[in-house]
Amino acid sequence: MTPPGLTAVPARHEAGGAAEARPAILVLPGGGYARQADHEAEPVAEWLASLGIHAFVLRYRVAPDRHPAPLEDAKGAMLHIRSGRHGLAVDPERVGVLGFSAGGHLAATLSTAAATGNPELDLPAAVPDLSVLCYPVVSLTHETHQGSVANLLGDAPPSDLLAALSAERNVTPGTPPAFLWHTADDDAVPVSNSLNYAGALFAAGVSAELHVFPQGRHGLGLAAGETGPEQWSALCAAWLERAGWTETRAGAAAATSN
């Protein structure tokens with residue numbers, strides 16, 4: 001059974017035929033754990049599909065549902081994607097996650113194996129093989145987005161829970177590689193969230209690529225027509241290509257489409 005809120009967008013490039021196993025990426029739109037931002041959902045999945053990657057959009061639970069509901073949904077989706085029960089030819093060794101803003105927080109907590117308390121979900125297979133974090137909320141203790149904290153954890157959450165869900169504090173050498181981008185003047189989610197997560201990855205010896213663009217409002221999504229940030233999708237496509245997740249022609253197509 002497909003988990004509630006999960007929609008598949010199959011890859012459009014099948015280099016070796018429809019039966020060839022392809023990478024897959026779980027897309028987690030932002031919205032401050034209060035809603036889902038549509039422009040960070042299906043349009044992003046279509047872009048990934050154009051690169052030859054199966055995409056899955058998750059409409060995870062948000063307020064009034066609290067933690068661990070969103071993380072339970074995301075881990076269930078990851079396990080479902082790896083299982084192959086959806087009918088697409090997915091390579092179970094190449095399943096990643098891409099998240100925006102609060103969805104980036106969810107992606108980062110997936111990547112750092114934050115616990116739900118459910119042993120059927122807290123499994124190594126629920127950790128992605130790579131992550132793409134777009135202007136993410138990473139920390140819940142330092143220069144965070146207070147609206148996301150309140151929607152996820154309610155009023156006055158305990159300090160140990162805030163720390164457990166601050167991804168930059170929970171990076172290990174086993175945390176998956178990451179591609180991150182942010183704008184320096186983001187007035188909703190400070191750029192320090194991306195800087196500190198990338199710094200933690202570097203300190204742990206984990207590969208990461210970080211792009212900080214001088215200007216751009218929060219919530220740009222694919223950022224078409226936004227000078228500077230519009231480059232992120234081509235840069236990310238090239239990063240995915242170097243990781244072996246897409247073909248040269250797909251990366252080139254992304255670079256020329258913006």
Side-chain angles (χ1 to χ4, degrees), residues 25-33 37 39-40 44 47-48 70-71 74 96-114 127-149 152 162-223 226-240 242-243:
I25 290 181
L26 176 65
V27 177
L28 302 172
Y33 284 117
H39 71 290
E40 297 169 348
V44 178
W47 165 67
L48 290 169
L71 190 56
V97 67
L98 185 157
F100 295 85
S101 192
H105 176 260
L106 188 50
T109 52
L110 270 182
S111 299
T112 50
V127 177
D129 299 304
L130 58 72
S131 65
V132 177
L133 307 180
C134 310
Y135 41 87
V137 178
V138 172
S139 182
L140 301 190
T141 62
H142 176 73
E143 293 193 316
T144 189
H145 181 249
Q146 292 297 337
S148 293
V149 177
L152 181 64
L162 291 170
L165 295 177
S166 293
E168 83 284 3
R169 301 178 63 167
N170 297 291
V171 168
T172 73
T175 301
F179 177 98
L180 303 98
W181 76 273
H182 220 115
T183 57
D185 64 349
D186 189 323
D187 63 359
V189 178
V191 67
S192 60
N193 282 262
S194 286
L195 296 174
N196 292 338
Y197 189 69
L201 292 172
F202 295 145
V206 177
S207 175
E209 181 168 323
L210 167 66
H211 296 274
V212 178
F213 301 100
Q215 295 179 317
R217 62 176 174 77
H218 187 73
L220 288 173
L222 289 171
E226 298 285 341
T227 302
E230 67 178 353
Q231 300 175 62
W232 86 262
S233 59
L235 292 166
C236 185
W239 181 75
L240 290 167
R242 291 193 299 275

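Index from 1, following the sequence. This is a predicted model, so every value here is computed, not measured.
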To the closest 0.5 Å, what do you measure between [atom1] ([X]) and [atom2] ([Y])?
X: Leu106; Y: Leu152; atom1: CG; atom2: CG; answer: 8.5 Å
X: Ser111; Y: Leu201; atom1: OG; atom2: CG; answer: 8.5 Å
X: Ser233; Y: Leu48; atom1: OG; atom2: CG; answer: 10.0 Å
X: Gln231; Y: Phe213; atom1: CD; atom2: CZ; answer: 5.5 Å
X: Leu98; Y: Leu28; atom1: CG; atom2: CG; answer: 8.0 Å

remark   = Across all chains, not counting sequence neighbours, the side-chain contact (heavy atoms from CB on, under 4.5 Å) partners of Ala188 are Asp186, His218
message = Could you work out, with side-chain contact (heavy atoms from CB on, under 4.5 Å) as the rule, every residue matching Asp129, not counting sequence neighbours?
response = Arg82, Val95, Trp245
What are the two closest heavy atoms between [X] and [Y], and how far apart are they?
X: Leu180; Y: Ala178; answer: CD1-CB, 4.0 Å
X: Val212; Y: Thr183; answer: CG1-C, 4.4 Å
X: Ala163; Y: Asn170; answer: O-ND2, 3.1 Å
X: Trp181; Y: Pro229; answer: CZ3-CB, 3.9 Å
X: Ala37; Y: Pro29; answer: O-CB, 3.5 Å
X: Val206; Y: Pro176; answer: CG1-O, 3.7 Å

Just distance, no hydrogens or angles: give the donor-acceptor pairs under 3.5 Å from side chains in residues 132-142, sequence neighbours left out.
unit_1	atom_1	unit_2	atom_2	d
Tyr135	OH	Glu40	OE2	2.5
Tyr135	OH	Leu220	N	3.2
Tyr135	OH	Gly221	N	2.8
Ser139	OG	Thr141	N	3.1
Ser139	OG	Thr141	OG1	3.2
Ser139	OG	His142	N	3.0
Ser139	OG	Glu168	OE2	2.9

request  = Provide the full list of side chain to side chain donor-acceptor pair (under 3.5 Å) pairs with a residue in residues 195-207, sequence neighbours left out, each pair given once.
outcome  = none
Suppose we screen for side-chain hydrogen bond (donor to acceptor under 3.5 Å, both in side chains). Which residues come up paired with [X], at least two apart in sequence or across chains?
X: Ser192; value: Glu143
X: Ser194; value: His182
X: Gln215; value: none
X: His39; value: none

inquiry  = Just to verify, what does His105 make a ring-ring contact (aromatic ring centres under 6.0 Å, His included) with, not counting sequence neighbours?
reply    = Tyr33
Option passing ring pair (Phe, Tyr, Trp, His ring centres under 6.0 Å) with His211 (candidates Phe179, Trp232, Trp239) = Phe179
ask   = Which pairs, with at least one residue in residues 209-221 and sequence neighbours excluded, count as a salt bridge (charged side-chain N to carboxylate O under 4.0 Å, His left out)?
value = Glu209-Arg242
